[in-house]
Amino acid sequence: MKSTALNDFTSLPALDRPNAALAPSALPPVPIPGLYIHIPFCFHKCHYCDFYSLPGQTNERMHRFVDLLLAEADLWANSPTGPLVRPQTIFIGGGTPTLLPLASMLRLITGLRQRFDLSNLNEFTIEANPATVTPEYCAALCQHAVTRLSFGAQSFHAAELALLERHHNPSDVAASIQTARDAGFKRLNVDLIYAIPGQDLPSFAYSLDSVIALQPEHISAYNLTYEPDTPLAIKKRQGAITPVDEDTELQMLHHARRRLAFAGYHAYEISNHARPAEECRHNLLYWDGGSYIGLGPSAASHLDGLRFRNQPHLGDWEHSIQSQTLPAIDLEHLCPLRRAGELAMLQLRLATGINFSQFTSQTHFDPRHLWPTLLTHLHQLCLIELDNHGFRLTPQGINVADAIAAEFLDPEPGTPTTSLTPTPHADTPTLRHPDTPES
Ligand code: SF4
């Protein structure tokens, strides 16, 4: 494939990372019900973001990027896995996918249809930033079988958006939702972030109420995380901003769950809330340990225990595709025990939790035999509800979900590796590793 200097991503400085050079012929022939596509372009880099995305791209570069995405799709389509890639869900994320010029976006969608069997498709989501969609853009997506849009609102306070370096105004969200509705979209998600520095419970409650008033079918509310080396993490390290304290953050989490439940959105996952039957099916596939492929730089793939992600660099990614190899790094064949641990970790995030018989049929391990001591321990501490069918996190367990999940990845299952210590608040125990100093 010939490229001009303007569009040649390989001219970007390479990362110090070996190319795994995964030949498409080496892919296992397993059914693939999920397809993710990463569009790594943004108008501006938000200060908390560590997704792979680049600001300031030209239309020519984005046009070329779609050529490369379709070339990557060809590698999959012509591999032993190709005939088994029959997506039930497609998710185009980023980045800001709606920055792609409409003609490029439609060329991408048409190209996917030409390469993969989409006859089973029952959900097609595209992420959009408020103020990046027009009536024409939305109408064209609707006409091309896109069924769901996901808007990153994050906050309804201009000062909080400014702190995050988001480049939209609170009023843009309602306008974008209206544009999507007018175009015919029946399934919309809005993302919120809580625990933004300076935010208190009333200001978060205002943002939450503002989202509910827009009546999307799905609402995600994630706590702000300080990813290493993002501008926000650096400001935190320098003391230029003060993170929201843990108690307030937990109050926000539980306020969101109560308020959204009252408004008719059930928390089917720790951070995700949906009207009945409006859960994000693509994300459910991830949480249920399903197989999916990812196209585009930094996109992850999982094929029945084989896992890797794409080079998180446009130039390296392009170079691999031009060499007819998949741009894979961090390739892992998960052993059965590790798969079971990871599945437990993912399914624990769901309100339905872990069902013993389903888990056993997926992994050939019964959690009651694999983690007897751990389950008893978590149950005694009221961190999980446990019955004959399975187990799931309690509200106290949700407070320490990440620490509990880590227990299931212990290479020697059966024994808790951490001490479980109730906090001064009897209803919010924390998991404390033995080597963690007490404060
Ligand atoms: S718009 Fe999204 S992907 Fe782009 S920089 Fe902001 S948070 Fe990151």
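Keep in mind that the numbers below use all heavy atoms, side chains included, and drop hydrogens, waters and symmetry copies. Fair warning: this is a prediction, and the values are worked out from it, not measured in the lab. Note that the numbering runs from 1 along the sequence shown for the chain. Indexing begins at 1, ligand by ligand and atom by atom, following the structure's order.
- Annotation: protein N, O or S atoms under 2.8 Å of atom 4 (Fe) of ligand 1 (waters excluded) comprise Cys42 SG.
- Below 30°, between 30° and 60°, or above 60°: for Tyr268 and Trp287 the angle between ring planes is above 60°, a perpendicular geometry.
- No option in Leu163, Thr225, Ile193 other than Ile193 meets the side chain to side chain contact (heavy atoms under 4.5 Å, CB included) test with Tyr48.
- Given atom 2 (Fe) of ligand 1, the protein heavy atom at minimum distance is Arg166 NH1, 3.9 Å.
- Numbered from 1 in the order shown, with element, the atoms of ligand 1 that lie under 4.0 Å from a heavy atom of Tyr48 read 7 (S).
- To the nearest 0.5 Å, atom CD1 of residue Ile126 and atom CD1 of residue Ile92 are 4.0 Å apart.
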Could you go through the salt bridge (charged side-chain N to carboxylate O under 4.0 Å, His left out) check for Glu217 and Arg181 one step at a time? CA-CA 12 Å; Glu217 284 67 32; Arg181 292 291 191 211; 2.9 Å; yes

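- Taking Glu332 as the reference, Arg307 meet the salt bridge (charged side-chain N to carboxylate O under 4.0 Å, His left out) condition, with sequence neighbours excluded.
- Aromatic ring centres of Tyr265 and His273: separated by at least 6.0 Å.
- Under the 3.5 Å distance criterion, with hydrogens and angles disregarded, a donor-acceptor pair is assigned to the side chains of Asn189 and Asp191.
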